[in-house]
Amino acid sequence: MAGTLDAVAEAVDRPRVSVVMIFRDPPANFFAEAIDSVLVQSLPAVELLLCDDGSGARATDLARARAAAAPDRVRYLEHPGHAHLGMSHSRNLGIAAASADLVAFLDADDRWAPDHLAGEVALLDAHPEADLVVGRALDWRSWGDPDASDAWSPLPAAPGALVAPPHLLAAVLRDGAVSTPTCSLLVRRETLRAVGGGVARFTGMYEDQVLLARLYLRRTAVVSGAKTAFYRRHGASSSARAVADRSYHPVDPNPSREAYLRWLAEDGLTAPDLVAGSGPDSGTLRALRTEVARQLVEHERAARPTARARRRAGQVVRTLRSATPEPVKAPVRRVRVGVERQILRATCSRRLEPASRQFGYDRGQPIDRWYIERFLGEHAHLVSGDVLEVGDDAYTRAFGADRVRSSAVLNIDPTIPGTTVVADLADAPQLASASFDCLIVTQTLHLIWDLEAAARTLHRLLRPGGTLLLTVPGISQVATDRWAETWYWSLTPTAARRLFEPVFDDGEVEVRSWGNVLSSTAFLTGLAVHELSADALDPTDPQYPLVVGVRATRAMS
């Protein structure tokens, strides 16, 4: 009987959440603010583990002082000999020491709202089949500059949705922006220990992504829509330092990204427990391995040849400068300027007739379709359940695969082959509400005069948690066929956001654009995809939105 009472007392005294905060010489004011944001959580049963990765005296003394001031709530941890072992070792130090059944992470320069942990714990309690909560964070720049622009990171699925393995990893590989920030992650302690925690050799950049990949591959997650985590952007952060020393870049190929992809290819996706069949099926794993291999090839093509080319170009320039006599340099400059003018005249000719008046269809795949398919490919995991597509079902079949339960095709004209639903999206009372899990609406909205009515219809047709994948023309020709009479609009990303955010105010709206001056010029001229290189298509310039994409998710309740 005494043993039972002791166990009950221990369970009552044990904290509900262990918060692991790794640090190495963070700015003192940020560090103190991060600690305070944990200690003021409305969830009372919280312990804070301050994991020192070999900091100097200032940060170490601050952490020890906070632990001494609240020994029942704060513990100070360090590596043997006060060593600096890197982020993964430090995170694992905290995981090993955690006494609560749930573990959360907050970096020493970030912050939580007071109700952050209470909301995430309640969500996980409501979904016992999930092992972790994934969410979003504010890309927080206005902390130091009130005029700076902040933005919430996009979610991989609707708030409240359950995501089975390995779909989160597939989503992240398609679009890295949807990866869970560690400051919005809550995981069962035994889950962290079962997957092995962090990988020791990742001492800095991508150590969090490696840990997340281990979780995404094996465990079910529930998505939180809370806006309670703040990821502080500042010049002294580890990511800012990595950008400065060129070991990392958020967009361009870099050594840190390459190391992560190689780990996935050589270790992450070939772990014995996955190969043995306890994780995702073999077909899904093959698809992930293929995607990682493709990205590695693209990375190597983009990074290494470019670096070699730059070195060679620099050598050539230096050689020419040193070898060219001064009397010859001026004529050489005139020849170079003359060649540039010829290229400019060829690019911006005075021809009044485009290469194609059919958007490039008569030459190959139109450039806008390349961007549309890129958008749908990034969100292919959302094409599932009961799907409605406007026009035909080509994209449903291409991107939905075996995830689609039923497929419907909507058109305003019943004579269009394959049509199963006839309706005008601006006024469609005959369509039942909450009928579909996914709507694919590409290059359609610009043909509808009442945009707001169409947006309301699309929201109404979605089930809770359902997703709209929509694209509209930005910079474009105007059709010459039957649709010319109702070609009313081109939208900017700002216009699309203003249109859909009020309608989906209870859910999620993400708006993006694709295109640049070269691809937009080529599209207006009527060139096709095969006539441009990947280097011309890939860059996105916000001033030249050729295609605007909207991912809008209806709230779960």
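Computed from a predicted model, the values in this text were never measured in an experiment. Quick note: numbers below take in every heavy atom, side chains included, and nothing from hydrogens, waters or symmetry partners.
With hydrogens and angles left out, the side-chain atoms of Thr521 and Tyr544 include no donor and acceptor closer than 3.5 Å. No side-chain N or O of Ser356 forms a donor-acceptor pair with one of Arg363 less than 3.5 Å apart. At a cut-off of 3.5 Å, with distance as the only test, a side-chain donor of Ser239 or Ser237 sits close to an acceptor on the other residue. A donor and an acceptor atom, one from each side chain of Tyr371 and Ser519, are located under 3.5 Å apart. Defined by atom type and a distance below 3.5 Å, a donor-acceptor pair is missing between the side-chain atoms of Ser533 and Asp535.
Across all their heavy atoms, Ala265 and Leu296 have their closest contact at CB-CD1, 4.1 Å. Of all heavy-atom pairs between Leu518 and Ala536, the closest is CD2-CB, 3.5 Å.
Contact check on Arg405 versus Asp386 returns a salt bridge, with a Lys/Arg side-chain nitrogen under 4.0 Å from an Asp/Glu carboxylate oxygen. Salt-bridge check for Asp538 with Arg374: passed, with a basic side-chain N closer than 4.0 Å to an acidic carboxylate O. Salt-bridge check for Arg294 with Glu298: passed, with a basic side-chain N closer than 4.0 Å to an acidic carboxylate O. Classification of Arg136 and Glu508 as a salt-bridged pair holds, one side-chain N sitting under 4.0 Å from a carboxylate O.
Residue Trp487 holds its CH2 atom at 8.5 Å from CG of Asp481, rounded to the nearest 0.5 Å. From Leu491, atom CG reaches atom CZ of Arg498 across 12.0 Å, with rounding to the nearest 0.5 Å. Rounded to the nearest 0.5 angstrom, Arg218 CZ and Leu274 CG are separated by 4.0 Å.
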Step by step, would you call Tyr231 with Asp139 a side-chain contact (heavy atoms from CB on, under 4.5 Å)?
CA-CA 5 Å; Tyr231 175 69; Asp139 196 20; 4.0 Å; yes

For a side chain to side chain donor-acceptor pair (under 3.5 Å) check, start with the C-alpha distance between Gln443 and Arg369, then their side-chain angles and the critical distance, and finish with the verdict.
CA-CA 9 Å; Gln443 309 304 81; Arg369 287 289 157 182; 5.9 Å; no

Full working for side-chain contact (heavy atoms from CB on, under 4.5 Å) between Arg188 and Leu124
CA-CA 9 Å; Arg188 300 190 192 279; Leu124 197 58; 3.6 Å; yes

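A 6.0 Å sphere centred on CD of Gln365 holds more than 12 heavy atoms belonging to other residues, nucleotides or ligands. More than 12 heavy atoms of other residues, nucleotides or ligands lie within 6.0 Å of CD in Gln430, so this atom counts as buried by the packing criterion.
At distances below 3.5 Å, not a single donor-acceptor pair connects side-chain atoms of Thr444 with backbone N or O atoms of Val441.
Ring geometry, Phe504 versus Phe500: the interplanar angle falls from 30° to 60°, so the pair is classed tilted.
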